Amino acid sequence: MITLSDLTMRFGGQLLYEGVNWQLNPGGHYGLVGANGSGKSTLIRLMTGELSPDAGSVARPAALRLGTLGQDQFRFDDMRLLDVVLMGRAQLWAALEEQRRLLGEGGDAITAEAGERLADLELTIAGLDGYEAEPQAAALLSGLGIEHARHDRPMRELSGGFRLRVLLAQALFGQPDVLLLDEPTNHLDIASIQWLEGYLREFPGAFVVVSHDRHFLNAVCDTIADLDYSELRLYSGDYDAFERAKELAVTQKDAEIARTELRIEEMQQFIDRFRAKATKARQASARKKQVEKLELPEIRRSSRRTPGFEFGQARPSGRTPLRVSGLSKRYGEQTVLRDISFELQRGDRLAVVGPNGVGKSTLLKIISSIIEADQGAAELGYETRLGYFAQDVDAELRGAESAFAWLGSATGESEHGKLRAMLGRMLFSGDDVHKRIGSLSGGESARLLLAALMLRRPNLLVLDEPTNHLDLEGRAALMRALRDYPGTLVFVSHDRHFVSGVGTRVLVLRPDGFEDVAGTYEQYLERRGDDFLSAGIAAPRARRRPGSGAGARGYAASKEQRRRHARLTRRVEQLEREIAEVEAQLAPIAARFADNDYYSRVTLDEIRADEGRQRDLQVQLEAALRGWEKAAQELEALAEP
């Protein structure tokens with residue numbers, strides 16, 4: 001396997017990490033996590049030998065088969081997809097290429113020498129299972145969502161996201177001992193991510209995967225490697241287990257340094273107080289020596305920073321902020337949307353899900369008036385103000401304008417303090433605000449676009465893959481902010497944890513139609529009993545839409561159910577916030593009662609006031625808990641089939 005020993009790496013003048021030691025064990029399934037800019041991709045490149053460390057060493061056995069996700073998408077433009085995948089096994093590909101060349105050169109007459117060589121190649125290809133190779137490569141491409149009809153087509157016909165899928169298939173086809181995958185899920189839909197999860201769970205070798213997808217890390221990893229504080233630390237278990245252990249470790253570090261700093265402060269106060277007094281001078285001198293000997297534990301600054309997302313609305317919309325009716329769209333001969341109809345009620349958070357190519361982004365662009373539908377309409381309701389986040393953040397931010405100037409011109413905000421404060425919340429500090437928008441990283445671009453939406457304060461947010469360039473901390477912060485958003489939300493995401501955590505309603509787009517379902521994505525899966533995003537997604541199903549038999553009845557019957565579900569969801573969330581607020585008010589009262597000195601240092605009137613306040617809050621808490629339990633039970637009953 002691969003061994004890292006005392007590894008140190010700098011990027012420019014910045015220390016990424018030092019003293020890194022890591023032994024990859026056979027069969028180990030590792031998730032490599034850390035903030036954007038912490039050096040995850042650099043560490044992968046050190047493992048492959050593409051980069052050399054500033055200090056330390058990387059040891060790889062000579063016979064080790066290494067699989068990596070290639071980044072040169074345009075190298076294979078004129079090759080058919082199957083051949084690109086077959087190149088993943090270098091020895092087999094070389095034999096197949098030589099066989100093709102000899103057969104092509106020989107025409108009708110093949111020399112004796114060429115015939116002998118072809119016979120040798122036949123044995124080589126057969127020994128490498130070469131005659132089963134194309135079906136295996138085709139299965140990989142199909143699993144990653146590339147339809148069979150495209151397998152013999154040239155690579156140049158694919159978009160960037162699908163090209164990366166072909167390169168991922170190439171890496172998997174190589175049957176490596178170790179897989180090193182940097183953000184393999186970035187351009188996959190949920191169906192393909194689930195296929196990859198299953199593949200990696202059964203993968204017999206070791207792999208290291210860099211990902212910001214929490215659900216994916218939980219599904220495939222048994223160890224998390226965390227890059228933070230300029231060091232690498234391993235945690236056993238999945239991402240959830242790592243997060244709990246990490247929180248405890250950080251708390252212990254903070255407590256340790258706080259205790260030491262308090263001890264130094266107390267000693268320094270003693271020195272300052274008695275230094276001038278002759279009778280105390282000797283004690284002060286002794287204390288000073290103690291302070292000089294005392295060393296703070298080395299606590300490096302964490303590279304993890306969390307953006308401060310908070311979305312408001314200038315004013316509420318009407319009861320129905322969006323109505324989509326009979327909407328259809330074609331691109332050439334391909335129909336991507338067919339007769340889609342639904343209504344949004346104020347406060348809905350609609351997750352649009354489905355495989356790539358069914359028109360999710362197209363639907364959001366039509367709703368946002370960026371493109372027009374061929375048939376039907378998407379109509380905004382009374383007082384609805386829409387804010388749109390585009391999937392392609394680089395296309396939205398081009399040119400030499402600074403982030404500060406762009407944010408002001410894009411939002412009409414002229415107050416420098418407000419712009420500075422917003423950029424600070426989005427982790428643009430110091431001179432970062434003067435960065436050219438054309439040179440921003442993906443994460444910086446996404447945060448800048450979201451900052452503009454926060455300043456505009458729309459009451460209908462339409463977000464197309466907002467998590468693509470955010471790290472795990474950013475995704476969690478965005479999820480919390482969207483849960484608290486008082487307006488209405490329509491969004492597309494391939495991050496299942498994000499979809500499950502934000503959406504209160506699901507619009508399922510399929511090649512043969514659509515389905516509009518009240519409840520979260522997880523509730524949808526529980527009711528259906530299987531994931532519509534599994535490998536059988538393309539199987540025909542009865543379209544559920546207005547005007548088509550059972551679909552029309554289901555649409556009409558579920559409309560009131562969706563409204564009731566939305567009301568109950570908002571009620572549950574409101575009561576959860578109320579419970580948290582009451583508990584927060586009760587905590588300091590309980591802490592005062594637990595203090596041994598409390599009853600000796602306060603008056604009887606103050607004690608009675610605290611007791612009365614505690615009783616009132618307990619009554620309020622019990623009422624909120626009863627209300628929450630009732631609403632939650634009604635919501636659960638509504639979700640049952």
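Please read all numbers here as calculations on a predicted model, not as lab measurements.
- Judged by distance alone, the side chains of His469 and Asn36 never bring a donor and an acceptor atom under 3.5 Å apart.
- Taking OG1 of Thr467 as the start and CZ of Arg475 as the end, the distance is 4.0 Å to the nearest 0.5 Å.
- Electrostatic pairing of Asp77 and Arg163 counts as a salt bridge here, judged by a charged N lying under 4.0 Å from a carboxylate O.
- Of the possible donor and acceptor atoms, none in the side chain of Ser368 sits under 3.5 Å from a partner among the backbone N and O of Ile370.
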Can Asp240 and Arg214 be said to form a salt bridge (charged side-chain N to carboxylate O under 4.0 Å, His left out), step by step?
CA-CA 8 Å; Asp240 286 345; Arg214 181 191 189 109; 2.9 Å; yes
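- Geometrically, Arg447 engages Phe428 in a cation-pi contact defined by less than 6.0 Å to the ring centre and at most 45° from the axis.
- Taking 4.0 Å as the cut-off between side-chain N and carboxylate O, Arg304 and Asp226 count as a salt-bridged pair.
- Rounding to the nearest 0.5 angstrom, the gap separating the CD atom in Glu243 from the OH atom in Tyr235 is 11.5 Å.
- Between the side chain of His151 and the main chain of Ile146, a donor-acceptor pair closer than 3.5 Å is present.
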For Arg483 and Arg349, run side-chain contact (heavy atoms from CB on, under 4.5 Å): C-alpha distance rounded to whole Å, both residues' side-chain angles, the deciding distance at 0.1 Å, then the answer.
CA-CA 8 Å; Arg483 281 173 173 169; Arg349 299 197 297 266; 4.3 Å; yes
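- Atom CZ of Phe11 sits in a sparse spot, with 12 or fewer heavy atoms from other residues, nucleotides or ligands closer than 6.0 Å.
- At distances below 3.5 Å, at least one donor-acceptor pair connects side-chain atoms of Ser192 with backbone N or O atoms of Leu144.
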Checking side-chain contact (heavy atoms from CB on, under 4.5 Å) for the pair Leu419/Leu455: CA distance, chi angles, key distance, verdict?
CA-CA 9 Å; Leu419 291 171; Leu455 284 173; 4.0 Å; yes
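- For CG of Asn25, the number of neighbouring non-hydrogen atoms (other residues, nucleotides, ligands) closer than 6.0 Å is greater than 12.
- The environment of CD in Glu157 is crowded: more than 12 heavy-atom neighbours from other residues, nucleotides or ligands sit within 6.0 Å.
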Hey, mind stepping through Leu448 and Lys435 against side-chain contact (heavy atoms from CB on, under 4.5 Å) and telling me if it holds?
CA-CA 11 Å; Leu448 183 59; Lys435 281 186 176 180; over 6 Å; no
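- Taking the ring centre of Phe216 as origin, the terminal cationic atom of Arg496 falls outside the region bounded by 6.0 Å and 45° from the ring axis.
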